[in-house]
Enquirer: 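Please read through the structure below; I'll follow up with questions.
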Amino acid sequence: MTSPAAPARVEEVEASLLPPRRGRAVVRAVIERLAGFAGTIVGAVVLVEGALALAPGDAIDLLPNGDELREGPAREWGLDRPLPERLVATIGRLLHGDLGTSLTWRPGAPVAELVLDTSLRSLGLVIPALILGVLLATALAAWSARGGPARLRVVQVLSVTPAFLAGWLLVTGLNAGTWALMERGAIERPGWFALPDTPSALRTLLAVAVLAVASGGLTEMHAACDAELRRLRAAPFVAAAMARGAPTWPVLLRNLAPALADITASRVAWLLGSLVVVEKILLFNGAGAALWQACRLRDFPVAVGYALVAATAVAAARLVAELARLLLDPRLRSPA
């Protein structure tokens with residue numbers, strides 16, 4: 001005969017088994033995402049190395065008398081090897097932490113030092129642009145959710161301009177307006193004048209704003225935030241909070257966090273790609289401008305080094321977002 005306390009003991013035993021099962025689910029999910037992280041990096045290196053190898057010309061073409069001296073540099077730089085051998089050699093060096101040396105952009109300089117120096121400068125643009133984009137998208141989603149299509153169109157107009165055009169318009173407009181005021185004697189010459197030749201806080205702010213808003217970036221982030229906010233507002237737990245007379249914003253923000261992690265991670269790849277345009281327009285000596293120079297000068301090791309950093313940043317952002325979702329969303333920790 002079963003005692004009345006037996007069901008309670010069974011429930012306690014089952015409850016005690018859930019954390020290990022959920023723990024195994026989290027570990028399995030982390031391993032899967034780490035495997036994807038490694039695959040993304042290797043895939044990026046293979047893709048960039050292959051694209052550069054198949055492109056017409058190489059670094060030797062830029063050397064004086066390169067045609068006559070081709071055999072020596074080709075053997076020294078490994079350009080005479082078939083593509084599969086070059087890929088194996090590149091991946092082997094990367095596994096040992098060796099990114100090689102620059103061929104034509106900064107001849108003889110270690111690629112790791114070049115990439116690290118310029119990438120740290122670009123972080124000063126990318127991280128603020130990510131933060132600004134998420135804050136603007138969240139605020140605009142809350143604003144447009146209480147309005148009609150007209151509010152959505154305002155957001156779209158703010159973001160529709162391509163990054164290169166937005167940067168050019170801002171620089172041209174500020175320079176022209178400031179020059180007109182200076183000619184009239186209304187103002188003295190500002191310390192930042194003229195853009196983009198003079199380094200200044202304004203130039204940095206413009207770069208961050210263009211990265212965060214232009215080329216549809218703000219529209220895409222706003223659309224994702226708006227859709228998630230509308231879904232959350234219709235959720236039963238929000239209705240329950242309203243019925244209790246409790247404020248709904250803390251509940252909404254807490255449940256919006258996993259989606260914001262995904263949205264932020266999805267923008268990293270776009271921001272890194274836009275760095276090339278924004279840094280060239282505003283004359284920043286960062287990773288984007290350096291990658292442009294490396295490709296223009298056919299400096300394969302430097303280009304592969306930047307591709308590796310970009311792939312690592314994108315994969316790391318996705319990994320962090322997935323881990324954040326695992327920690328913040330209990331449904332994802334449930335055992336399969």
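Computed from a prediction, not measured in an experiment: that's the story for all the values here. Computation of the quantities below employed the complete heavy-atom set of this structure, encompassing side-chain atoms and omitting hydrogens, waters and symmetry-equivalent molecules.
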Enquirer: Under the rule for side-chain hydrogen bond (donor to acceptor under 3.5 Å, both in side chains), what residues qualify as partners of Arg296, not counting sequence neighbours?
Expert: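 Applying side-chain hydrogen bond (donor to acceptor under 3.5 Å, both in side chains) to Arg296 gives Gln293.
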
Enquirer: Say whether Thr118 and Tyr306, considering side chains only, have a donor N or O and an acceptor N or O under 3.5 Å apart.
Expert: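 Per modelled atom types, Thr118 and Tyr306 side chains form a pair under 3.5 Å.
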
Enquirer: How long is the span from the CG atom in Leu123 to the CG atom in Leu130, to the nearest 0.5 Å?
Expert: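 If we round to the nearest 0.5 Å, Leu123:CG and Leu130:CG are 10.0 Å apart.
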
Enquirer: Shortest non-hydrogen contact from Leu211 to Ser274?
Expert: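 Smallest heavy-atom distance, with atoms named: CD2-CB, 3.7 Å.
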
Enquirer: What is the minimum heavy-atom distance between Leu132 and Ala212, and which atoms define it?
Expert: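 So the minimum-distance heavy-atom pair works out to CD2-CB, 3.8 Å.
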
Enquirer: Show the nearest heavy-atom pair for residues Thr101 and Val111, with the distance to one decimal.
Expert: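 Thr101 and Val111 have their closest heavy atoms at C-CG2, 3.6 Å.
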
Enquirer: Verify side chain to side chain contact (heavy atoms under 4.5 Å, CB included) between Val251 and Arg254, making sure each step is shown before the conclusion.
Expert: CA-CA 5 Å; Val251 178; Arg254 185 167 59 250; 3.9 Å; yes

Enquirer: Measure from the side-chain N and O atoms of Thr248 to the backbone N and O of Val238, and report whether any donor-acceptor pair falls under 3.5 Å.
Expert: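 Judged by distance alone, no pair lies under 3.5 Å.
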
Enquirer: Which atom names give the shortest non-hydrogen contact between Ala166 and Thr161, and what distance separates them?
Expert: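 Looks like N-CG2, 3.6 Å.
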
Enquirer: Just by distance, do the side chain of Glu228 and the backbone of Ala259 share a donor-acceptor pair under 3.5 Å?
Expert: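 Such a contact is absent between Glu228 side chain and Ala259 backbone.
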
Enquirer: How close do Val210 and Ala163 get, heavy atom to heavy atom, and via which atoms?
Expert: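 Result for this residue pair: CG1-O, 3.6 Å.
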
Enquirer: Give a yes or no answer on whether the side chain of Asp98 reaches the backbone of Leu94 with a donor-acceptor pair at less than 3.5 Å.
Expert: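 Here the side-chain-to-backbone pair does not exist.
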
Enquirer: Would you name the heavy atoms of Thr198 and Phe193 that are closest together and state the gap between them?
Expert: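 Nearest pair, atom of Thr198 first, then Phe193: OG1-O, 3.5 Å.
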
Enquirer: So does Arg93 have more than 12 non-hydrogen atoms from other groups sitting under 6.0 Å from CZ?
Expert: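 Enclosed.
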
Enquirer: Within a radius of less than 6.0 Å around CD of Glu188, do more than 12 heavy atoms belonging to other residues, nucleotides or ligands occur?
Expert: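 Count not over threshold, so no.
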
Enquirer: Quick one: do Thr264 and Val320 satisfy side chain to side chain contact (heavy atoms under 4.5 Å, CB included)? Show the steps, please.
Expert: CA-CA 10 Å; Thr264 303; Val320 170; over 6 Å; no

Enquirer: Using a strict cut-off of less than 4.0 Å between a Lys/Arg side-chain nitrogen and an Asp/Glu carboxylate oxygen, indicate whether Arg267 and Glu220 qualify as a salt bridge.
Expert: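 Yes.
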
Enquirer: With a 6.0 Å cut-off (strictly less than), is the heavy-atom count around CH2 of Trp270, excluding the residue itself, greater than 12?
Expert: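 Check passes, neighbour count above 12.
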
Enquirer: With a sphere of 6.0 Å drawn around CH2 of Trp292, does it hold more than 12 non-hydrogen atoms of other residues, nucleotides or ligands?
Expert: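 Counting other residues, nucleotides and ligands, CH2 of Trp292 stays at 12 neighbours or fewer.
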
Enquirer: Sub-3.5 Å donor-acceptor pair from the side chain of Arg121 to the main-chain atoms of Asn285, do we have one?
Expert: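 Yes.
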
Enquirer: Does atom CE of Met242 have more than 12 heavy-atom neighbours from other groups under 6.0 Å away?
Expert: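 At most 12 heavy atoms, drawn from other residues, nucleotides or ligands, come within 6.0 Å of this atom.
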
Enquirer: Can a cation-pi geometry be assigned to Arg203 and Phe284, taking NZ or CZ under 6.0 Å from the six-membered ring centre and within 45° of the ring axis?
Expert: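 Yes - Arg203 lies over the ring of Phe284, closer than 6.0 Å to its centre and within 45° of its axis.
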
Enquirer: Is a side-chain donor or acceptor of Asp299 paired with a backbone partner of Ser102 at a separation under 3.5 angstrom?
Expert: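 Checked: no pair found.
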
Enquirer: Thinking salt bridges, do Asp262 and Arg318 make one under a 4.0 Å N-O criterion?
Expert: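 Salt bridge present between Asp262 and Arg318.
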
